[in-house]
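Below is one structure, written out as structure tokens; the observations come after it.
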Amino acid sequence: MELHLKPEAQAKLNDLALRTRRGADELLEEAVDHLVTWNDWLEGKVNSSIAAAERGEITSDDEVRAWLERRERS
């Protein structure tokens with residue numbers, strides 16, 4: 001796989017690699033792993049939220065506002 005970074009991003013990556021004494025490839029692999037893991041988590045949350053809404057498990061705007069107001073007062 002080939003990756004093209006903007007010069008600014010490449011410079012920041014190289015700086016991070018030097019500061020952390022790690023290879024740029026290692027940092028990129030870790031970043032991609034975090035991105036994929038986060039995306040899987042988000043997709044699961046979205047799908048479960050859609051399923052809940054389809055089951056009618058929703059909260060009205062007024063209920064959310066009231067909850068936020070109670071939270072702010074605490």
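What you see below is based on every heavy atom in this structure, not just the backbone, and it leaves out hydrogens, waters and symmetry mates.
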Could you tell me whether the side chain of T37 reaches within less than 4.5 Å of the side chain of H34, counting heavy atoms only?
-> no
For the pair D33 (side chain) and E29 (backbone), establish whether a donor and an acceptor sit closer than 3.5 Å, ignoring hydrogens and angles.
-> no
Pairwise distance NE2(H4) to CD(Q10) - rounded to 0.5 angstrom | 11.5 Å
Output for pair (R19 CZ, N14 CG), nearest 0.5 Å, gives 11.0 Å
To the nearest 0.5 angstrom, please state how far the CG atom of L16 sits from the CG atom of L27.
-> 5.0 Å
Are L5 and L35 connected, step by step, through hydrophobic side chains (Ile, Leu, Val, Met, Phe, Trp, Tyr) whose heavy atoms are closer than 4.5 Å?
-> no
Flag the pair E57 and R55 as a salt bridge only when some basic side-chain nitrogen lies within less than 4.0 angstrom of an acidic carboxylate oxygen.
-> yes
In terms of hydrophobic clusters joined by side-chain contacts under 4.5 Å, are V36 and W41 together?
-> no
May I ask you to test the E63-W67 pair for a side-chain heavy-atom distance under 4.5 Å?
-> no
How long is the span from the CG atom in L13 to the CG atom in L28, to the nearest 0.5 Å?
-> 5.0 Å
From K45 atom NZ to D40 atom CG, the distance as rounded to the nearest 0.5 Å | 14.0 Å
Which pair of heavy atoms, one from A17 and one from A24, lies closest together, and at what distance?
-> CB-N, 4.0 Å
Please lay out, stage by stage, how K12 and D15 fare under the test salt bridge (Lys or Arg N to Asp or Glu O under 4.0 Å).
-> CA-CA 5 Å; K12 288 179 180 180; D15 183 53; over 6 Å; no
